J.: 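Sharing a structure, written as structure tokens. Questions coming.
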Amino acid sequence: MMLQKAHITEQQLKTAQAQVEMTASELEKSRDLSRVIVHVDMDAFYAAVEMRDCPDLKDKPMAVGSMSMLSTSNYHARKYGVRAAMPGFIAKKLCPHLVIVPCNFDKYKSVSNEIREIFADYDPQFQPVSLDEAYLDFTEHLELRISWPEASRTHRYSSWKQPEHQQESEAKEGFSPVLFEDSPSSSQSLSNSQTADATGKTTEVFGTSVEEAVREMRFRIEQKTMLTASAGIAPNMMLAKVCSDKNKPNGQYRLASNREAVMDFIQNLPVRKVYCILVQKNHKWSSVHPFKMRTCNCVATRFRFSVLFLCAGFRHREGERKDAECSRHQTFKELNRPDEQLSLCRELCEDLAQDLKKEDLKVLLV
DNA sequence: ATACATACC
DNA sequence: TACTGGTATGTAT
Ligand SMILES: Nc1ncnc2c1ncn2[C@H]1C[C@H](O)[C@@H](COP(=O)(O)OP(=O)(O)OP(=O)(O)O)O1
Ligand SMILES: [Mg+2]
Ligand SMILES: [Mg+2]
Ligand SMILES: [Mg+2]
């Protein structure tokens, strides 16, 4: 691809530029900022369920799975680098005190059913992605909600969790304070706008804005399951998904529905976050990886150049699979013998790989 | 149509 | 000692 790049002519660049402008204006016409999309995702899902059901685990680094493979870890364990898809015995080396508890899929499935009941109240057509997350279109809910009486926006604390006692001296906004009415970000506590009930804070009132509606949904999830969720609010699913990660755990983030805000948000995002195809080394559109374009802005400013490579992707074959029954790890070992790896690296980075030794491989492949 | 490669939870 | 399994999508042949 570097060789091809050297032979690009002015004429080719001009043609590419024209293509880009056509595509861009077509796409701009179809930009839709009218929907309010929410992506909700439970925090450290399997691990959180296990911690809820075994309070001894609360303050310990823990993970769910086995010595062979972990499905996820709690946030405490993540500080040590313990992650999903990591073998338990390796995780133990990173974090010797790690507690590993086995999976209980039935429990995760039933919690999933509980949260889906709540999702359906906001969007009956919600799209589940996995047991712990879903996309919701809040547009219609919000249109109705705007004229809802306060009673319909009031929710009870479950007996297991009353709100924290608040300082009397702390000035309160008064009745039904509406939080985040127009603030772009927040990871505020869910329990700071309780009504000043004479009998004592057993309910919570939520406003009519998107932020309030989403905060309400997360509040209901927490009261019902004793588990927390995070959420992203944006004009489309991709952006909502990226937003839901931003204030995780137990937070939410809204990206405003205007072109400028979206452009600004996208600018410095790692490409990896939005369009993984571009960094798949074997994908036919894989023009980003070889040329080290890491951020979206980089792709955008060099788009004219990128377009020339859209159809010029490369592939390499990793060899034939010999034993369909073996584990993923075994397969990897079979297909990537050191000598195969060496020749592959030499092929892929000619100039770098002349003096390549086997010890270098590990680093390169990582 | 099928095998294969890769992504994501 | 130990390196997943379920589901979806895209590519090459
Ligand atoms: N690689 C994997 N293999 C098997 N199960 C997985 C894997 N990754 C995730 N899971 C399971 C366990 C997770 O708790 C659940 C939800 O995934 P995900 O939302 O990505 O992470 P998480 O909920 O554990 O943490 P968080 O969302 O807070 O980052 O799916
Ligand atoms: Mg997630
Ligand atoms: Mg999650
Ligand atoms: Mg998830």
Side-chain angles (χ1 to χ4, degrees), chain A residues 39-50 63-75 78 81-96 98-109 111-113 115-116 119 126-135 227 229-232 237-238 240-242 244-245 248-249 270-289 309-337 340-341 344 348 362 365-366:
Chain A
H39 179 257
V40 217
D41 187 305
M42 301 296 288
D43 302 322
F45 186 49
Y46 296 1
V49 172
E50 300 305 335
V64 177
S66 68
M67 237 9 193
S68 298
M69 183 50 60
L70 304 179
S71 288
T72 196
S73 56
N74 66 5
Y75 280 76
R78 288 181 200 188
V82 175
R83 294 288 135 81
M86 180 180 282
F89 72 94
I90 288 173
K92 278 277 198 190
K93 290 181 189 165
L94 292 171
C95 175
L98 184 74
V99 181
I100 298 178
V101 310
C103 284
N104 290 294
F105 289 108
D106 295 345
K107 269 197 330 198
Y108 316 142
K109 178 70 196 157
V111 175
S112 183
N113 290 335
I115 63 178
R116 285 175 187 189
F119 295 163
F126 74 91
Q127 299 180 38
V129 179
S130 66
L131 290 184
D132 91 320
E133 76 195 70
Y135 292 96
L227 302 166
S230 298
M237 291 186 358
M238 182 218 98
K241 167 88 175 158
V242 178
S244 75
D245 241 16
K248 206 172 230 312
V271 175
R272 184 69 177 71
K273 281 254 184 202
V274 287
Y275 200 47
C276 299
I277 284 174
L278 293 174
V279 286
Q280 291 173 33
K281 65 180 184 301
N282 283 344
H283 196 279
K284 99 172 173 175
W285 293 350
S286 175
S287 59
V288 170
H289 179 69
F309 283 92
L310 283 184
C311 301
F314 66 96
R315 287 185 68 81
H316 74 265
R317 304 195 67 80
E318 303 219 0
E320 299 307 316
R321 194 188 179 109
K322 290 174 185 118
D323 175 7
E325 296 302 305
C326 63
S327 73
R328 195 180 292 187
H329 177 59
Q330 291 294 315
T331 310
F332 179 81
K333 283 201 294 199
E334 284 286 314
L335 300 185
N336 292 282
R337 323 213 73 95
E340 284 178 22
Q341 294 173 358
L344 183 62
L348 292 182
K362 218 171 171 180
L365 292 174
V366 166

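Just so you know, these numbers come straight off a predicted model, no measurement behind them. Side chains are part of it too, since the values below use all heavy atoms of this structure and drop only hydrogens, waters and symmetry mates. Naming: A, B, ... by sequence-line order, numbering from 1 per chain.
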J.: By nearest atom, which of the nucleotides C/dC3, B/dC9, C/dT4 is closest to the A/S130 side chain?
T.: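 It is B/dC9.
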J.: Go through the steps to decide whether A/S230 and A/D43 satisfy the test side-chain hydrogen bond (donor to acceptor under 3.5 Å, both in side chains), and finish with yes or no.
T.: CA-CA 7 Å; A/S230 298; A/D43 302 322; 2.8 Å; yes
J.: Would you kindly give the CE-to-P distance between A/M86 and C/dA2, to the nearest whole Å?
T.: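 These atoms are roughly 17 Å apart.
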J.: What is the separation between atom CG on A/L70 and atom C1' on C/dA2, rounded to the nearest whole Å?
T.: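 Rounded to the whole Å, the gap is 11 Å.
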J.: To the side chain of A/M67, which of C/dA2, C/dC3, C/dT4 is closest?
T.: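 It is C/dA2.
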J.: Choose from C/dT4, C/dA2, B/dC9 the nucleotide whose nearest atom is closest to any side-chain atom of A/D132.
T.: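 Out of C/dT4, C/dA2, B/dC9, the nucleotide with an atom closest to A/D132's side chain is B/dC9.
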J.: B/dC9 C1' sits how many Å from A/Y135 OH, rounded?
T.: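 For the pair A/Y135 OH and B/dC9 C1', the rounded distance is 11 Å.
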J.: Any side-chain N or O of A/K109 under 4.0 Å from OP1/OP2 of C/dG6?
T.: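 Checking A/K109 against C/dG6: no side-chain N or O falls below 4.0 Å of OP1 or OP2.
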J.: C/dT1 C1' sits how many Å from A/K93 NZ, rounded?
T.: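 Distance, rounded to whole Å: 11 Å.
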J.: In whole angstrom, give me the gap between the C1' atoms of B/dA7 and C/dT4.
T.: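 One C1' to the other, the span is 15 Å.
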J.: Working to the nearest 0.5 angstrom, can you tell me the gap between A/L94 CG and A/M86 CE?
T.: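 The CE atom of A/M86 is 5.0 Å from CG of A/L94, to the nearest 0.5 Å.
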J.: Give the rounded distance in Å between these two atoms: CZ of A/F105 and P of C/dG6.
T.: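 Atom CZ in A/F105 sits about 9 Å away from atom P in C/dG6.
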J.: Could you check how far CG of A/D43 sits from P of B/dC9, rounded to whole Å?
T.: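 Distance check: A/D43 CG to B/dC9 P gives 14 Å.
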J.: Taking the cut-offs as 6.0 angstrom to the six-membered ring centre and 45 degrees off its axis, would you call A/R116 and A/F119 a cation-pi pair?
T.: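 Relative to the ring axis of A/F119, which defines the angle, A/R116 lies outside at least one limit.
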J.: Please check if the side chain of A/K92 supplies one atom and the backbone of A/P87 the other of a donor-acceptor pair under 3.5 Å.
T.: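 Not at all, since once roles are kept as given, no pair shorter than 3.5 Å links the two residues.
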J.: Rounding to an integer number of Å, can you tell me how far A/I100 CD1 sits from C/dA2 C1'?
T.: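 Taking CD1 of A/I100 and C1' of C/dA2, I get 10 Å after rounding.
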J.: Need one value for A/A84: base, sugar-phosphate or nothing, where a base atom within 4.0 Å counts as base even if backbone is also close, heavy atoms only.
T.: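 Contact class for A/A84: none.
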J.: Identify whether any heavy atom of A/L131 sits under 4.0 Å from a base atom; if not, whether one sits that close to sugar-phosphate; answer base, sugar-phosphate or nothing.
T.: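 Here A/L131 touches no strand at all.
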J.: Nearest whole Å is fine: how far is B/dC8 C1' from A/R83 CZ?
T.: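 My rounded result for the distance is 16 Å.
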J.: Give me the atom names and distance for the closest heavy-atom approach of A/K248 to A/S244.
T.: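 Looking at all heavy atoms of both residues, the closest pair is CB-O, 4.0 Å.
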